[in-house]
Amino acid sequence: MIAQPVSTFTGPEIDWYALSPLLVLVAAAVALLVAGALTPPWPKGGYAIVTVGAATASAVLAIIQWQNISDDGPSTLVAGAVSFDLSAMFFTITICVAVALVALLTDDFLRRQALDGPEFYALYLVAAAGGIVMASANDLIVLFLGVETLSLALYVLAAADRRRSKSQESGLKYFVLGSFSSAFLLYGIALVYGATGSTNITRVVVYLQESVPLERFDALLLTGVALMMVGLAFKIAAAPFHVWTPDVYEGAPSPVSAFMASAGKVAAFGALVRVLIVALPFYREDWQPVVWVLALVSLVVGSVLAVVQTNVKRLLAYSSINHVGFVLVGIESAAHRAGAVDSGPGVPSVGVYLLAYTVMVIGSFGVVAIASRSGDDATSLDSFRGFATRRPVLAVAFTVFLLAQAGVPFTSGFIAKFGVVQAAVEERSYAIALIAMLTSVVAAFLYLRIIVTMWMSEPDDASVELAGAGTSNSWTGTLSIGLAAGFTVAVGIVPGWLLDAADDLTQFAR
Amino acid sequence: MIADVVPTTTWYLVLGAVLFGIGAVGVLVRRNPLVLFMCIELMLNAVNLTFVSLSDRLGDIGGQTAVFFVLVVAAAEVVVGLGIVISILRRRAGLTADDLTELRG
């Protein structure tokens, strides 16, 4: 035996306090699972209240960190693996809002479906942690781990309604297409690693800064960037990579659809901003046209195909594709000044859009979740006939969310759409701004179609018979929808504070 | 003659690309859920091969570290995927992807 020299391993320095928003969510998930397994079923709403508490604590910690970052400037954590900047905190807060609102909706839903337990909530919290890692990753492998943490939790959630075969079908479809796209993302990361010599975004940027003036065309890197964009386009459900969205949103339990459409997309856009704007600003001439085309196709497909749908959940799925197009318009305009010290109005408009969209899409799916009755299947447009006479308050809330999604003034949707289009115009992307506005007119038709069905058509016999049967009136679901509607209107009337906060999203740690 | 040919990193990169392509085509054309899983695993392992060969070429340990993370992710993915398949097969035995037609699209 030859004595080996003893080498001491020194781990990276970890700033636990800076990571606290993330740690609170993970700790709450573990605590819920362990405590939930060891104790008899908790009283009504118990699991949801713990989840909302954890999400609120995490959001409050993120707001405290926001102040610290505003004072001290952005930095990186855990040996450069995680970035600690305002953008990361903004996405953290948005995801926490989504978790809190969805958890309140889920409580009501699980009781009705007789599925109550801690599993849904623990999975929401784990998915949220994965989403936060995605949006604040400063290393491509960390980003991939975040993607997988989020996606694996979402696959299970989509298939979690054990008594509905639609739910399981959607879970399997989501799993196959989701892991297919993850493999593309990972292959792209491998090729970018091969081209730049590191997966750390800081080092990738430094490498590209030196190499781009010498060699503009690097086939390995360009292939890697293309594959990563394919993978992320699947995750944000941008057309033409959107085919899974309507099926999965229709089949998944309604509160889970709300979560996938909100937190899942916010996290994927956070990752897209990290990859394109932060890591690859020197290749923007190559990826910007791709984003332009994705935005165009998503806008058109989302609005035009939604018009022919007869199921409200599928309709909302297509409308979410249209929203993805709008956010991509914001990213396209951010591309013009990517890498500059002041990255312009693009990223702030994306942040505002995602927060406003999160709240209104959760509200919309929340109304559907309450209206869908036991079995979670009464989601066809016909079952909303005469909804206003059966549930007038819910119908008013749904109308607010739909008008907000259409971008009507005095709602958050108007502020969001206005911000994105204004950013595009400021950066002289006139064509895509014009197309975005035109498709929002087409999309307005589909929202009005639901509103007309609710308020102006007579209920058919079947829905009269079912009126009241199997629907539920719980304070948690009502609270969630009330908060969402309140936020949607409040931001529409007093948007200043949100716009001011988002204006700071221009500096990234790297 | 043949013994003189020394495999270079490029060979492994090409092999990785070919395996990834086989896996991707397999996901698109095969119908058995278990074979779909195997194809996705093939894609992930093709990426692992790419990581290791690039790591060797760059003389950097980072790529080989990444492989460990990918292995863990792949294992977790199989666990979740098989769980979903089993919960479906309990209802309907002998299922293929073509039978999942309740959701049109």
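Labels below follow one simple rule: chain letters A, B, ... track the order of the sequence lines, proteins then strands, and each chain is numbered from 1.
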Checking [X] against chain B: side chain, backbone, both or neither under 4.5 Å from a heavy atom?
X	result
A:L152	both
A:F184	both
A:I141	side chain
A:A159	side chain
A:L140	neither

A:L186 vs B:F51, side chain to side chain contact (heavy atoms under 4.5 Å, CB included): CA-CA, chis, key distance, verdict: CA-CA 10 Å; A:L186 186 65; B:F51 260 123; 4.1 Å; yes
Derivation and outcome, side chain to side chain contact (heavy atoms under 4.5 Å, CB included), residues A:F180 and B:L28: CA-CA 10 Å; A:F180 188 59; B:L28 298 176; 4.2 Å; yes
Winner by heavy-atom pair count (cut-off under 4.5 Å) against chain A, out of B:V47, B:V72, B:V27, B:T65: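 Option with the greatest count: B:V47.
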Which of B:A17, B:A66, B:G81 touches chain A most, by non-hydrogen pairs under 4.5 Å: B:G81
Interface moiety of B:S55 toward chain A, non-hydrogen atoms closer than 4.5 Å: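 Contact with chain A is through both the backbone and side chain of B:S55.
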Part of B:A24 lying under 4.5 Å from any heavy atom of chain A: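 When you check distances to chain A, atoms from both the backbone and side chain of B:A24 fall under 4.5 Å.
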Chain B interface, residue from A:S151, A:G171, A:S179, A:G178 that has the most non-hydrogen pairs under 4.5 Å: A:S179
Interatomic distance, [X] atom [atom1] to [Y] atom [atom2] [nearest 0.5 angstrom]:
X	Y	atom1	atom2	value
B:L13	A:L220	CG	CG	7.5 Å
A:Q168	B:L89	CD	CG	10.0 Å
A:S182	B:L44	OG	CG	8.0 Å

Derivation of the side chain to side chain contact (heavy atoms under 4.5 Å, CB included) call for A:Y193 and B:L58: CA-CA 9 Å; A:Y193 166 72; B:L58 295 165; 3.8 Å; yes
Closest contact, heavy atoms only, A:E169 versus B:I88: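 Looking at all heavy atoms of both residues, the closest pair is N-CD1, 4.4 Å.
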Over all atoms of both residues, closest heavy-atom pair of B:L54 and A:A190: CD1-O, 3.1 Å
Mutual orientation of the aromatic rings belonging to A:Y187 and B:F20 [parallel < 30°, tilted 30-60°, perpendicular > 60°]: parallel
